[in-house]
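Structure, as structure tokens:
The chains referred to below are lettered A, B, ... by the order of the sequence lines, with proteins before strands, and numbering in each begins at 1. All values below were derived from every heavy atom in this structure, side-chain atoms included, with hydrogens, water molecules and symmetry-related copies excluded.
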Amino acid sequence: MPELPEVETVRRTLAPLVGKVIASSWGSGKPLHMNRPVPYEAIARYAVTTTIRAIRRHGKYLLLDLAARRGPSQVLLVHLGMTGRLRIHAVGEPRGVHTHLVLGLREPSKRKIRHELRYTDIRRFGQLDLVTAGAEAAHPALRVLGRDPLVEPLDGSFIHSHARQSGQAIKSFLLNQRIISGLGNIYASEALWLARIRPTLRARKLSRPRAALLAEAVTQVLHHALTHGGTSLKDFVAADGAQGSHSDYLQVYGRGGEPCRRNTCKGTIRRTVIQGRATFHCPKCQER
DNA sequence: AGACAAACCTGTCTGC
DNA sequence: TGCAGACAGGTTTGTC
């Protein structure tokens, strides 16, 4: 579900949790991503009594920095997969069936737990892990991540130098988290439409000027989505429960059979499949 | 190397 | 109404 703008929206709405103390932990015991076990017990053991110091993001991963009173600090790693949600609830709000982690939160100066941070995930494609602080960059999931466009802006030469080494379709190239981290299936189609590039174009055929256009388009699409709080097609909500409004602004994604929105272009948006993922483009203005 | 399918799951929608 | 099948924002794994 969530791509960079959605995950960043969650991160921003989680900001009020910085400074709170984790006072309790409950886990569902169920495996998540790839049916792999989640260290629920370690989270309960190490995260309880820690203070949330910061909430960071790299690509589609969220990192909660947890400072322990004594002993090493920890980092809670969260990936939302397709249907993962991280939300702040008042204690006592009914807990949904697909809840997998509940962290009770209190003010540092008080004893009573008033809020809970809950992770729910219907399809269980998300990830939860606990890493010793300082070692998170070596975590298998984070180690391989490429450039985060919000942390380090993209430019034409970055795209061009990587694209020339890839024989993949440009859309598959954009989805490769090892190159650019955070771009997903919606915004890959959107960025290619904005840059007028056909999704099946071989990455290595991308000229330098068009690489610059693409870098610009990716940046613009991500920032634009972020200003709308992300795209809610179905499941996505921010940590405060708010839905993103960016689905109203999508130019191609999910618009198969509908007219192209580019001025003067009378094309019809086509839905195709590339590497098993739905892909949308306008055959008329994204030719070449 | 890269394309594809399947795998991990549940829910929703479509068509018969 | 019921049921089968397709499809869904992600990532990994195996096969051709």
Q: Mind calculating the distance between CG (L183(A)) and C1' (dG10(C)) to the nearest angstrom?
A: 13 Å

Q: State which residues pass side-chain hydrogen bond (donor to acceptor under 3.5 Å, both in side chains) with Q177(A); sequence neighbours excluded, sorted by chain then number.
A: none

Q. Residues two or more places apart in sequence or in another chain: which of them pass side-chain contact (heavy atoms from CB on, under 4.5 Å) with K234(A)?
A. none

(Q) So if I take residues 156-173 of chain A and measure heavy-atom distances to DNA chain B, which residues fall below 4.0 Å? (A) S166(A), G167(A), Q168(A), A169(A)

Q: Rounded to the nearest angstrom, tell me the gap between atom NE2 in H79(A) and atom P in dG10(C).
A: 8 Å

Q | Any residue meeting salt bridge (charged side-chain N to carboxylate O under 4.0 Å, His left out) with R270(A), in chain and number order, not counting sequence neighbours | A | none

Q) Are OP1 or OP2 of dA1(B) and a side-chain N or O of R204(A) less than 4.0 angstrom apart? A) no

(Q) Counting the atoms with a prime plus P, OP1 and OP2 as sugar-phosphate, which does R36(A) contact under 4.0 Å by heavy atoms, base, sugar-phosphate, or nothing? (A) sugar-phosphate

**Q.** Rounded distance in Å - CG (D129(A)) to P (dT12(C))
**A.** 13 Å

Q: State the CG-CG distance between L154(A) and L214(A), to the nearest 0.5 angstrom.
A: 8.5 Å

Q) Using the C1' atom in both, what is the distance from dA6(C) to dA5(B), to the nearest Å? A) 15 Å

Q. Atom CG of L77(A) to atom P of dT11(C): distance rounded to whole Å?
A. 12 Å

Q) Between Q177(A) and R271(A), who's closer to the 5' end of DNA chain C by nearest nucleotide? A) R271(A)

Q. If a stem is a run of at least 3 consecutive Watson-Crick or G-U pairs, both distances under 3.5 Å, which stems include DNA chain B?
A. B:2-8 with C:10-16, B:10-16 with C:2-8

Q. What residue pairs, at least two apart or across chains, pass salt bridge (Lys or Arg N to Asp or Glu O under 4.0 Å) with a residue in residues 252-269 of chain A?
A. R255(A)-E258(A)

Q) Are K60(A) and E3(A) close enough for a salt bridge, meaning some N to O gap below 4.0 Å? A) no

Q | Under 4.0 angstrom between Y253(A) side-chain N/O and dG9(C) OP1 or OP2 | A | yes

Q.
Give me the distance, rounded to whole Å, that separates dA8(C) from dC4(B) when you measure between the P atoms they each carry.
A. 15 Å

Q: Without swapping roles, check the side chain of R53(A) against the backbone of G19(A) for a donor-acceptor pair under 3.5 Å.
A: no

Q: Taking side-chain contact (heavy atoms from CB on, under 4.5 Å) as the test, write out the residues that go with A211(A), two or more places apart.
A: I159(A), H160(A), L206(A)

Q: Determine the contact category for S189(A): base if any of its heavy atoms lies under 4.0 Å from a base atom, sugar-phosphate if only primed atoms, P, OP1 or OP2 are that close, otherwise nothing.
A: nothing

Q | Under 4.0 Å protein heavy-atom contact, by nucleotide of nucleotides 4-11 of chain B - B base, S sugar-phosphate only | A | S---BBBS

Q: Classify the nucleic acid contact of R202(A) as base, sugar-phosphate or nothing, counting any heavy atom under 4.0 Å across all strands shown.
A: sugar-phosphate

Q) What residues, two or more places apart in sequence or in another chain, satisfy side-chain hydrogen bond (donor to acceptor under 3.5 Å, both in side chains) together with E8(A)? A) R11(A), R12(A), R57(A)

Q: Please go through V91(A)'s hydrophobic cluster and name the other residues, only I, L, V, M, F, W, Y counting, with side-chain heavy atoms under 4.5 Å joining them.
A: I113(A)

**Q.** With sequence neighbours excluded, residues passing side-chain hydrogen bond (donor to acceptor under 3.5 Å, both in side chains) with T200(A)
**A.** R198(A)

Q: Give the rounded distance in Å between these two atoms: CG of L142(A) and P of dT11(C).
A: 12 Å

Q) Taking CG from L80(A) and C1' from dG10(C), how many angstroms apart are they, rounded to a whole number? A) 11 Å

Q.
Nearest whole Å is fine: how far is dA8(C) C1' from N185(A) CG?
A. 10 Å

Q: Output all residues satisfying side-chain contact (heavy atoms from CB on, under 4.5 Å) with K171(A), sequence neighbours left out; order by chain, then residue number.
A: L175(A), N185(A), A188(A), S189(A), L192(A), P199(A), I274(A), R277(A), T279(A)

Q. Could you give the CG-to-P distance, from L128(A) to dT11(C), as a whole number of Å?
A. 15 Å

